[in-house]
Student: 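Dropping the structure in here first, questions after.
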Number of protein chains: 2
Amino acid sequence: MSTTVYLVDDDEAIRDALGWLLQSRGLECHSHESAEAFLTAWSPTLSGCLLLDIRMNGMSGLQLFDKLLELGNRLPVIFLTGHGDVPMAVSALKKGAFDFVEKPFDDNELVNRVLEAIACDTQRRASDASSDSLKGRIDSLTTRERQVMTLILAGKFNKVIADELNISMRTVEVHRANLFEKMGVRTAVELSQLMSGQAHS
Amino acid sequence: MSTTVYLVDDDEAIRDALGWLLQSRGLECHSHESAEAFLTAWSPTLSGCLLLDIRMNGMSGLQLFDKLLELGNRLPVIFLTGHGDVPMAVSALKKGAFDFVEKPFDDNELVNRVLEAIACDTQRRASDASSDSLKGRIDSLTTRERQVMTLILAGKFNKVIADELNISMRTVEVHRANLFEKMGVRTAVELSQLMSGQAHS
DNA sequence: GTGCCGATTGTGGATATCCACAATTTTTCA
DNA sequence: TGAAAAATTGTGGATATCCACAATCGGCAC
């Protein structure tokens, strides 16, 4: 999935106009005429951003937003509405919506918001990728190696680790060397920095 | 400064009503009749939250908010307004306001928002405190000790550090022991975890 | 100018880590 | 049941770290 602007609005005129606007600015745009239609197309791997009309036949934009939140959506959402009120906007933003724009909107303004949202998603995606690769390396560890790693990160000596796991120091050394290799680090400090911010129970 | 609700509104009736409401819920409340008056009372050490009316004579609530942002305010801000519109609310929230409430408001609702804001501030304050104490410990390090620490955090051996600083390994050992003592850690791993997320150039 | 602080270095020994060479036991999975 | 993966342990030596004891040198403040 390359970065794309997903547009959900039941008004064909708006879909056409916005689609044209976005494409004229070099942005790929996929339109859906209903929340339901977008839901079937949605996957956690989508990247870019989501333009979401609030008032629609069937599931509303707000309902779709809630549903996507449950599904773990990370795509930044920009709400579009002609009938928004303040509490609605406040609630949407506090739930994590990226923006909330009233119709009629200024074309340049909207495109700017879209570009910001895409930039935000790109950045999140990059940090996700590195944390995924880290998770992969952690998964490749054996149970013992993970136990040893945890104790190393607790700042304990091999001797103490051996004691707590009821194994010989030599075995700890082996696990230590192996897990350093798998995690791609050369020292405990590097490991600690790599793992900082990660859960590793 | 104990945790207090700061209220800025140029309508005396509202100040009285809100002040009464908050105090009846056990919340200390300090009222100010203008943005200017609050500004002179403001200090970075205030804790609690700020209830801010938007439409006021003189400096508006939004202007005060911007000014406080420049001054480095960390107090959560809840806007109160009888004439808010969606773009205004969106802009305020995107700038970091804690909430945006329209008048007339439900008493319980508002008190809940205030309690949330206070909880949020209390939490931030706690994490600030520990990071301040950390900063203090870092400040207590000598120049050399800081240099050595940086290299330790880069995962380098004493030998390499000695080389890079053109001093003997023994000297590095001394600095290392001293800075561990000052930072309150026993191993490089603990130091690394302590410093994770901190800048230490 | 005397004293304090920070930086510097040395010796020597106790601990700890790193690793090659070598091997056995246990678990897991097909 | 047999092969592969994982866990285990030992020896011995090279490196690294930790630390007490001891000392020199330069800058700065009172």
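Hydrogens, waters and symmetry mates play no part in the numbers below; they use all other heavy atoms, side chains included. By convention in this document, chain letters (A, B, ...) are assigned in the order of the sequence lines, proteins followed by strands, and residues within each chain are numbered from 1.
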Student: Nearest-Å distance, CG (B:Asn158) to C1' (C:dT15)?
Tutor: 14 Å

Student: Report the distance from atom CG of A:Leu165 to atom P of D:dT8, rounded to the nearest whole Å.
Tutor: 8 Å

Student: Starting at CZ of A:Arg186 and ending at P of D:dA16, how long is that distance when rounded to a whole Å?
Tutor: 11 Å

Student: When you check the phosphate oxygens OP1 and OP2 of D:dT15, does a side-chain N or O of B:Lys159 lie under 4.0 Å from one of them?
Tutor: no

Student: Counting heavy atoms from C-beta on, name the nucleotide in D:dT9, D:dA7, C:dT9 closest to the side chain of A:Thr171.
Tutor: D:dT9

Student: Does a side-chain heavy-atom distance below 4.5 Å link B:Met169 with B:Asp163?
Tutor: no

Student: Would you mind telling me which residue lines up with the more 5' stretch of DNA chain D, A:Phe157 or A:Glu145, judged by nearest nucleotide?
Tutor: A:Glu145

Student: In whole angstrom, what separates B:Leu179's CG from C:dT8's P?
Tutor: 13 Å

Student: Taking for each residue the nucleotide of DNA chain C bearing the nearest heavy atom, is the 5' side occupied by A:Glu173 or by B:Asn166?
Tutor: B:Asn166

Student: Assuming nearest nucleotide by heavy-atom distance, tell me which of B:Val174 and A:Ile167 is located more 5' along DNA chain D.
Tutor: A:Ile167

Student: Can you check whether any acceptor in the base of D:dT8 is under 3.5 Å from a donor in the side chain of A:Arg170, or vice versa?
Tutor: no

Student: Could you check which of C:dG6, C:dT17, C:dA20 has an atom nearest any side-chain atom of B:Thr142?
Tutor: C:dG6

Student: Just by distance, with hydrogens left out, do A:Arg137 and A:Ser133 show a side-chain donor and acceptor under 3.5 Å apart?
Tutor: yes

Student: Rounded to the nearest 0.5 Å, what separates atom CZ in B:Phe100 from atom CE in B:Met88?
Tutor: 6.0 Å

Student: Quickly work out the B:Ile152 CD1 to D:dA16 P distance and round it to whole Å.
Tutor: 15 Å

Student: Without decimals, in angstroms, what is the distance between B:Met169 CE and C:dT11 C1'?
Tutor: 13 Å

Student: In whole angstroms, how far is the C1' atom of C:dC18 from the CD atom of A:Glu181?
Tutor: 14 Å

Student: Is there a donor-acceptor contact under 3.5 Å linking the side chains of B:His175 and B:Glu173?
Tutor: no

Student: Compare the minimum distances between each of D:dA7, C:dG10, D:dT15 and the side chain of A:His175, then state the nucleotide with the smallest one.
Tutor: D:dA7

Student: In terms of side-chain heavy atoms of B:Arg176, which of C:dC19, C:dT15, D:dT17 is nearest?
Tutor: D:dT17

Student: Are the aromatic rings of B:Phe79 and B:Phe65 close, with centres under 6.0 Å apart?
Tutor: yes

Student: Using whole Å, what does the distance between atom P of nucleotide C:dG6 and atom CD of B:Gln147 come to?
Tutor: 15 Å

